[in-house]
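Below is one structure, written out as structure tokens; the observations come after it.
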Number of protein chains: 2
Amino acid sequence: MAPTRAHDPRPFKRLKHDHRRCVTTALARAAKVCAASGGRLTALRRWVLELVWQSHRPMGAYDILAALGQKRETVAPPTVYRALEFLRAQGLVHRIESLNAFIGCDQPGEPHSGQFLICRACGRAAEMADGRIDAAMRCGLAEAGFTLERPTVEALGLCPDCRPCAEAGHA
Amino acid sequence: MAPTRAHDPRPFKRLKHDHRRCVTTALARAAKVCAASGGRLTALRRWVLELVWQSHRPMGAYDILAALGQKRETVAPPTVYRALEFLRAQGLVHRIESLNAFIGCDQPGEPHSGQFLICRACGRAAEMADGRIDAAMRCGLAEAGFTLERPTVEALGLCPDCRPCAEAGHA
DNA sequence: CGGCAGGATGTTATCTTATAACATAACGCC
DNA sequence: GGCGTTATGTTATAAGATAACATCCTGCCG
Ligand SMILES: [Zn+2]
Ligand SMILES: [Zn+2]
Ligand SMILES: [Zn+2]
Ligand SMILES: [Zn+2]
């Protein structure tokens with residue numbers, strides 16, 4: 001019933017890691033997801049997904065637009081928004097509401113509602129799927145008589161890598 | 001330490017209630033909060049706060065701008081945004097990230113991080129302060145090595161009043 | 001093959017949300 | 001009354017998102 005994803009206790013990747021691997025994995029998973037759902041992962045959509053995965057920092061639609069503009073003559077906002085909407089519907093990207101930005105999902109497939117950790121220092125975001133948070137929410141809302149359809153859980157703060165710097169620096 | 005607010009198990013008000021009382025209460029509390037903090041609750045700011053409290057539906061900055069425009073000749077966006085920022089800093093209004101809109105806080109005073117329940121049918125939003133959700137979040141994030149500074153918890157769904165209609169209607 | 005239907009993309013214009021930068025006015029204190 | 005601070009007015013623009021319509025593919029049927 002409740003989507004059960006393995007809870008990763010270490011949602012942030014190491015600062016140095018083989019990021020190309022992140023990208024290729026994401027693209028491979030996307031292909032699988034679309035094959036299963038019947039969605040058509042066109043060149044444009046794959047390209048947008050790849051741009052979203054460019055880094056672990058949430059990317060604004062207009063950032064993607066600009067990046068896309070470097071490879072093609074003319075790109076207009078609807079192009080990007082439509083691709084993003086498709087990817088979101090397939091569960092391949094998430095929208096970070098508090099940033100108006102998008103980030104790739106690293107566990108697509110089962111539809112799920114994650115929690116997003118956003119570092120205000122390095123700008124990276126990571127997805128978590130802590131069942132206790134999910135359960136606490138469902139429980140609390142049920143008691144309030146509220147029917148939950150789409151939870152949004154975003155945490156702004158400092159990631160493990162940035163915490164020390166910030167302590168020393170200016171906090 | 002952790003801001004302890006009484007947990008209201010019934011965050012949504014009755015559909016019919018003395019809403020003028022909500023408004024006057026909110027304004028009175030605002031005056032008290034500002035007196036304590038040294039913030040200056042000017043006429044403009046009070047007016048904006050009153051507009052935010054016009055209903056229990058989150059209000060966009062431009063809705064407020066338009067409403068304000070009916071009472072004054074010229075109002076520009078910065079006027080409204082500055083007032084909203086002041087009110088937010090005083091803890092008198094909250095911003096609903098997923099709606100780009102603002103709603104009055106019904107328990108100002110102690111700084112706190114609430115959870116927001118948003119009904120997609122009637123558009124109302126209600127604030128909750130369920131300690132379990134807060135605790136689950138702090139716990140899960142701490143385990144991830146993340147320093148939480150500003151949590152955002154928003155739940156889109158159906159309020160107790162709208163649930164029956166939606167069930168019958170089109171769901 | 002040829003045409004057709006649906007889905008995907010291109011194109012233009014417009015809308016909503018938010019802020020930068022600078023000018024002026026009000027206030028609070030002495 | 002003078003002065004520093006805070007608040008507001010004003011203008012312009014940045015940033016984010018969508019509506020509406022045109023065109024182009026792609027798979028399918030005959
Ligand atoms: Zn990576
Ligand atoms: Zn960081
Ligand atoms: Zn009320
Ligand atoms: Zn409702």
Side-chain angles (χ1 to χ4, degrees), chain A residues 30-31 34-35 37-52 57-90 92-103 118 123 125 152 154, chain B residues 30-31 34-35 37-52 57-90 92-103 123 152 154:
Chain A
C34 289
S37 74
R40 285 164 59 186
L41 188 59
T42 63
L44 174 66
R45 290 166 174 173
R46 186 167 33 237
W47 189 225
V48 168
L49 180 60
E50 204 169 334
L51 286 171
V52 168
R57 283 199 288 265
M59 242 187 145
Y62 278 70
D63 297 334
I64 295 168
L65 186 67
L68 211 51
Q70 296 192 327
K71 298 285 172 182
R72 308 168 53 146
E73 307 90 72
T74 59
V75 196
T79 302
V80 171
Y81 280 101
R82 285 192 286 230
L84 286 171
E85 172 52 26
F86 169 84
L87 296 170
R88 206 199 46 69
Q90 299 286 324
L92 298 170
V93 305
H94 294 289
R95 181 187 159 82
I96 309 288
E97 300 291 345
S98 58
L99 296 178
N100 293 336
F102 299 83
I103 192 168
I118 306 156
T152 299
E154 298 172 9
Chain B
C34 288
S37 73
R40 285 165 56 187
L41 187 59
T42 63
L44 174 66
R45 289 165 175 174
R46 186 166 33 237
W47 190 224
V48 168
L49 181 60
E50 205 170 333
L51 286 171
V52 168
R57 283 199 288 267
M59 240 186 147
Y62 280 70
D63 297 334
I64 295 167
L65 185 67
L68 211 51
Q70 295 192 327
K71 298 283 170 181
R72 308 169 52 145
E73 307 90 71
T74 60
V75 196
T79 302
V80 170
Y81 279 101
R82 283 191 287 230
L84 285 170
E85 173 51 27
F86 168 83
L87 296 170
R88 204 198 47 70
Q90 299 286 324
L92 297 170
V93 305
H94 295 288
R95 180 186 160 82
I96 309 288
E97 300 291 346
S98 58
L99 296 178
N100 294 335
F102 299 83
I103 192 167
T152 299
E154 298 172 11

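Proteins come first, then strands; the chains are lettered A, B, ... in the order of their sequence lines, and each starts at number 1. Hydrogens, waters and symmetry mates play no part in the numbers below; they use all other heavy atoms, side chains included.
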Would B/Leu44 and B/Leu68 count as a side-chain contact (heavy atoms from CB on, under 4.5 Å) here? Give the steps.
CA-CA 9 Å; B/Leu44 174 66; B/Leu68 211 51; 4.0 Å; yes

Can you pull the contact range of chain B along DNA chain D, 5' to 3', using atoms under 4.0 angstrom from its heavy atoms?
D/dT6 to D/dT11

Rounded to the Å, how far apart are A/Trp47 CH2 and C/dG10 P?
14 Å

Report yes or no: does A/Arg45 contribute a side-chain atom to a donor-acceptor pair with the main-chain N or O of A/Arg40 at less than 3.5 Å?
yes

Over how many whole Å does the gap from A/Arg72 atom CZ to C/dG10 atom C1' extend?
9 Å

Whole-Å gap separating P (C/dG10) and CZ (A/Arg45):
11 Å

Value in whole Å for how far the C1' atom of C/dT9 lies from CG of A/Leu65
14 Å

NE2 of A/His94 to CG of A/Leu87: how many Å apart, nearest 0.5 Å?
11.5 Å

Does the C/dG10 base have a donor-acceptor partner in the side chain of A/Arg82 within less than 3.5 Å?
yes

Could you write out each protein N or O paired with an N or O of nucleotides 16-18 of chain C at a distance under 3.5 Å?
from, atom 1, to, atom 2, distance (Å)
C/dA18, OP1, B/Arg95, NH1, 2.7
C/dA18, OP1, B/Arg95, NH2, 2.6
C/dA18, OP2, B/Tyr81, OH, 2.9
C/dA18, O5', B/Tyr81, OH, 3.3
C/dA18, N7, B/Tyr62, OH, 2.5
C/dA18, N6, B/Tyr62, OH, 3.4

Under a 4.0 Å threshold between the charged nitrogen and the carboxylate oxygen, would B/Glu85 count as salt-bridged to B/Arg82?
no

Residue pair A/Ser98, A/Glu154: steps toward the side-chain hydrogen bond (donor to acceptor under 3.5 Å, both in side chains) verdict
CA-CA 8 Å; A/Ser98 58; A/Glu154 298 172 9; 2.5 Å; yes

How many Å lie between CG on B/Leu44 and C1' on C/dA25, as a whole number?
13 Å

Between B/Leu84 and B/Val52, is any pair of side-chain heavy atoms under 4.5 Å apart?
yes

Would you name the heavy atoms of A/Arg95 and A/Asn100 that are closest together and state the gap between them?
NH2-OD1, 3.0 Å

Can you tell me if A/Thr42 touches the phosphate of C/dT9, counting only side-chain N or O atoms and a distance under 4.0 Å to OP1 or OP2?
yes

Checking side-chain contact (heavy atoms from CB on, under 4.5 Å) for the pair A/Arg57/A/Ile103: CA distance, chi angles, key distance, verdict?
CA-CA 7 Å; A/Arg57 283 199 288 265; A/Ile103 192 168; over 6 Å; no

